[in-house]
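Structure first, commentary second.
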There are 2 protein chains.
Amino acid sequence: MALIEIHTEVEERLHQHHQRYSPQRREIVNVLAKAGHPLTIQDIRKRSNGLAQSSVYRNLVVLEEFDIVVKVVTNGEIGRYELAEDLTGHHHHLICSNCGVVRDVVVPHALESDIDRVLATIARREGFSLDHHRLDVIGKCAKCR
Amino acid sequence: MALIEIHTEVEERLHQHHQRYSPQRREIVNVLAKAGHPLTIQDIRKRSNGLAQSSVYRNLVVLEEFDIVVKVVTNGEIGRYELAEDLTGHHHHLICSNCGVVRDVVVPHALESDIDRVLATIARREGFSLDHHRLDVIGKCAKCR
DNA sequence: ATGAGTGCAAAGGCTTTGCATTAGG
DNA sequence: CCTAATGCAAAGCCTTTGCACTCAT
């Protein structure tokens with residue numbers, strides 16, 4: 001989805017829930033869209049013009065609530081955020097176990113189908129309602145190898 | 001692997017690195033082995049007899065360093081720990097997005113092979129060294145549905 | 001005017017660290 | 001003996017909250 005389309009979609013989604021698409025929220029979406037991979041709160045602040053930390057957190061809560069951004073858990077402590085998959089397409093993560101950096105990757109559709117089919121069965125068996133799956137590759141990035 | 005074998009293996013592994021298999025470490029391994037799914041620090045403390053919080057954290061650092069336990073990231077904030085896969089067997093997680101509880105599951109070997117093959121290719125292409133993969137199912141457990 | 005959004009500072013919650021004490025090799 | 005392990009309390013770090021102010025409808 002192109003950047004303009006993303007903004008249109010996000011604006012619509014927020015308005016449907018009686019939320020404003022404020023300049024900061026627009027800026028956050030902008031930064032995340034341009035980055036193309038999960039960013040930490042500090043990453044977001046650096047790439048925008050000095051947004052207050054609390055405002056970033058609060059806006060991310062709102063954006064997350066309406067499925068516009070997703071919190072990604074990587075090597076532990078600090079949270080990273082990216083646009084939801086319905087805005088960017090389904091993908092997975094290559095996570096560096098050393099520095100925590102994340103790169104987005106896609107896997108063949110056939111594999112996705114296989115995974116979904118198997119997981120649906122398993123979830124049902126265990127009494128879980130299936131929301132989505134998370135397939136990450138843990139390794140060391142080029143710099144940390 | 002049976003509990004006794006696990007202790008033997010852990011002891012050996014620690015000794016190889018000139019670390020002691022202290023009573024607390026043994027107790028932590030015991031608790032994790034019996035639980036059969038990832039536990040939080042507080043879970044571990046409750047199931048053992050009042051270990052000091054700092055000691056649990058420190059011992060987990062050691063156990064993690066020598067690949068005896070693994071930190072599992074679930075719905076965000078709090079860390080959960082479980083025994084490493086070479087002690088318990090390769091498996092995946094059913095994670096409740098609401099309460100964070102985790103259940104271990106295994107998927108067919110054929111699917112594992114397919115996943116590994118595809119991911120190896122992708123990791124190589126991106127300059128990552130492949131360590132392992134993480135396939136989780138995110139959903140709602142029976143209680144939270 | 002009226003509620004939402006923003007900034008700054010303070011508070012929270014999980015995790016880590018300092019330091020004195022105890023125990024194992 | 002000497003280093004590792006343990007407990008308690010204090011410090012850290014990321015995240016959340018309180019409160020006053022500004023902005024948009």
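For E85(A) (side chain) and H91(A) (main-chain N/O), a donor-acceptor pair under 3.5 Å exists by modelled atom type. Not one N or O on the side chain of S129(A) forms a donor-acceptor pair closer than 3.5 Å with the backbone of R145(B). Between the side chain of T8(B) and the main chain of I4(B), a donor-acceptor pair closer than 3.5 Å is present. Of the possible donor and acceptor atoms, none in the side chain of R134(A) sits under 3.5 Å from a partner among the backbone N and O of D136(B). No donor-acceptor pair under 3.5 Å is formed between the side chain of R45(B) and the backbone N or O of G50(B).
Rounded to a whole Å, the CG atom of N49(B) is 14 Å from the P atom of dT6(D). As rounded to whole Å, 12 Å separates atom P of dC14(D) from atom CG of D43(A). Rounded to a whole Å, the CD atom of Q24(B) is 14 Å from the C1' atom of dT21(C). The CD-C1' distance, from E27(B) to dG7(D), rounds to 17 Å in whole Å. At whole-Å resolution of the value, NE2 in H17(A) and C1' in dG5(C) are 19 Å apart. As rounded to whole Å, 15 Å separates atom P of dT3(D) from atom CD of Q19(B). Whole-Å rounding puts the I44(B) CD1 to dC14(C) P distance at 15 Å. Protein atom CD of E65(A) is 13 Å distant from nucleotide atom P of dA4(C), rounded to whole Å.
The pair K71(B)-E82(B) does not count as a salt bridge, with every side-chain nitrogen at least 4.0 angstrom from each carboxylate oxygen.
Side chains of D116(B) and S113(B): no donor on one and acceptor on the other come within 3.5 Å.
If you run salt bridge (charged side-chain N to carboxylate O under 4.0 Å, His left out) between E11(B) and each of R25(B), R26(B), R20(B), only R26(B) comes through.
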Provide a list of protein-nucleic acid N or O atom pairs under 3.5 angstrom, restricted to nucleotides 15-17 of chain C.
{"residue": "dT15(C)", "atom": "OP1", "partner": "G79(B)", "partner atom": "N", "Å": "3.1"}
{"residue": "dT15(C)", "atom": "OP2", "partner": "Y57(B)", "partner atom": "OH", "Å": "2.3"}
{"residue": "dT15(C)", "atom": "O5'", "partner": "Y57(B)", "partner atom": "OH", "Å": "3.0"}

Expected rows: protein N/O vs nucleotides 22-25 of chain C N/O, under 3.5 Å:
none

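Side-chain rings of H133(B) and H92(A) stay apart, their centers remaining 6.0 Å or farther from each other.
Between S22(A) and dT6(C) there is a side-chain polar atom (N or O) within less than 4.0 angstrom of OP1 or OP2. One finds a side-chain N or O of N59(A) lying less than 4.0 angstrom from the OP1 or OP2 phosphate oxygen of dT6(C). Taking side-chain N and O atoms only, S55(A) has a distance below 4.0 Å to OP1 or OP2 of dG7(C).
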